[in-house]
2 protein chains.
Amino acid sequence: MTKSKGENVNSIVENLLSIHPMLSKNISRAIRSKTNLNPGSLFVIGMLKKHKLLSMTEIGCKLSMPKPHVTAHIDKLIAAKLVERLNDPNDRRIINIQLTAKGLQDFEAIKKDITEELRIQLNKLDENRLQNLQESSQIVRDVLTEIVIDNVDQGCAKK
Amino acid sequence: MTKSKGENVNSIVENLLSIHPMLSKNISRAIRSKTNLNPGSLFVIGMLKKHKLLSMTEIGCKLSMPKPHVTAHIDKLIAAKLVERLNDPNDRRIINIQLTAKGLQDFEAIKKDITEELRIQLNKLDENRLQNLQESSQIVRDVLTEIVIDNVDQGCAKK
DNA sequence: AATAATAGTTATACTTTTGTAACCATTTTC
DNA sequence: GAAAATGGTTACAAAAGTATAACTATTATT
């Protein structure tokens, strides 16, 4: 019972549309209750953890947000000492952002906190289903990362 | 290279935390640009499509939103003729909500619209990866539905 | 029959997200 | 070297999500 390409795409879209609100509700709520950061700022941190060093413009490009919003997020993160600004030696207009040691450390702790309920629920699953879910979520993550990054990076190229 | 239960849970949490912002950015933006509805209202419709008939309180319970928000969402959806109110014959306090024919029809069209970009990206994947992603996203959806519903339904029981 | 509990609405306020216009500093282009 | 383009900030405004208190109508409790 293999499906056609079109059927698979439709089914995937259905699944992602169903997954989205479940994650959104739970994770957003947890972020609000467990941290002083808003979800958007946490996305910025996650992006910085992945890419190590990004300029303001690059952050905005990768997260599809206009520059003024990036400034606002970074201002908050700097006030919390989670990131720092670094002047670019080659271009004095550019300000590069990176996580501080505290930022990296706090990010891990925050992740633990905000997913605690989810973790409790997951722990009720038996080993086989967990293993299965682990592999499946990994695949979804990897493929989405690939196609979403490709999409967002249009125009975000490093010159 | 099988993982321990705890390792699997951690890895799943990591994956879900990574999937969330990718879906959030893309789907939320598409909802905003392609429809007159806000994301929250669309979640309500999705829930109604699944459960057919829900009271105001049940909707709030399943989507973890307080009753005043439900009223606001339903008011908008009724103005758009996508849902209708039905008085409960057994309890005149209760107002049940269900999708109209237009609501069901529009929902399908909206889903097509807001996922068009995603669909284009997905179509670039080869058949094997699509099949793989279909199965994986289905598993993630099913398991999340199971554990999240269980979670949210605490206190939402049908009496 | 009086009281408590439930279902839903109205009103209000706050935060987050999103969008946009105007601006300064620096670099690139011609 | 003047003009245009780029990187970033400031300021303002609108939409959406979130939270809560107070209220009406109906049903359940005793």
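Order of the sequence lines fixes the chain letters, A, B, ..., with proteins taken first and strands second; residue numbering starts at 1 for each chain.
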(message) Quick check against the 3.5 Å criterion: does Ser28(A) have a side-chain atom that pairs as donor or acceptor with the backbone of Lys25(A)?
(response) no
(request) Tell whether His69(B) reaches the base of dG17(D) with its side chain through a donor-acceptor pair below 3.5 angstrom. (result) no
(message) If you count heavy atoms of other groups shown closer than 6.0 angstrom to CD of Glu116(A), is the number above 12?
(response) yes
(request) Would you mind reading off the distance between Arg29(A) atom CZ and dG17(D) atom P, rounded to a whole angstrom? (result) 13 Å
(request) Find which nucleotide of DNA chain C each of Gly40(A) and Lys67(A) is nearest to by heavy atoms, and output the residue with the more 5' nucleotide. (result) Gly40(A)
(message) So Pro68(B), base contact, sugar-phosphate only, or nothing? Heavy-atom distance under 4.0 Å.
(response) base
(message) Using only atom types and a distance under 3.5 Å, with no angle test, would you say the side chain of Ser41(A) pairs donor to acceptor with the backbone of Leu37(A)?
(response) no
(request) Report yes if at least one side-chain N or O of Thr57(B) is closer than 4.0 Å to OP1 or OP2 of dG8(C); otherwise report no. (result) yes
(request) Identify whether any heavy atom of Ser55(A) sits under 4.0 Å from a base atom; if not, whether one sits that close to sugar-phosphate; answer base, sugar-phosphate or nothing. (result) sugar-phosphate
(request) Measure the distance from CG on Asn38(A) to C1' on dA16(D) and round it to the nearest whole Å. (result) 14 Å
(request) Calculate the interatomic distance between Asp88(A) atom CG and dT26(C) atom P; express it in whole Å. (result) 14 Å
(message) Can you identify which nucleotide, out of dT9(D), dT10(C), dT26(C), has its nearest atom closest to the Arg92(A) side chain?
(response) dT26(C)
(request) Please report, rounded to the nearest Å, how far the P atom of dT26(D) is from the CE atom of Met56(B). (result) 16 Å
(message) Any N or O donor-acceptor pair under 3.5 Å from the base of dT6(D) to the side chain of Arg93(A)?
(response) yes
(request) Please determine if a side-chain N or O atom of Arg32(B) lies less than 4.0 Å away from the OP1 or OP2 oxygen of dT18(C). (result) yes
(request) Output the single nucleotide from dG8(D), dT17(C), dT10(C) whose closest atom is nearest the side chain of Asp75(B). (result) dT10(C)
(message) Is it true that, when you exclude Lys5(A) itself, more than 12 heavy atoms of the residues, nucleotides or ligands shown sit nearer than 6.0 Å to its NZ?
(response) yes
(request) Select from Lys25(A) and Asn96(A) the residue whose nearest nucleotide in DNA chain D is closer to the 5' end of that strand. (result) Asn96(A)
(request) Whole angstrom is fine here: how far is it from CD1 in Ile95(A) over to P in dC24(C)? (result) 17 Å
(message) Rounded to the nearest 0.5 Å, what separates atom CD1 in Ile59(B) from atom CD1 in Ile45(B)?
(response) 10.5 Å
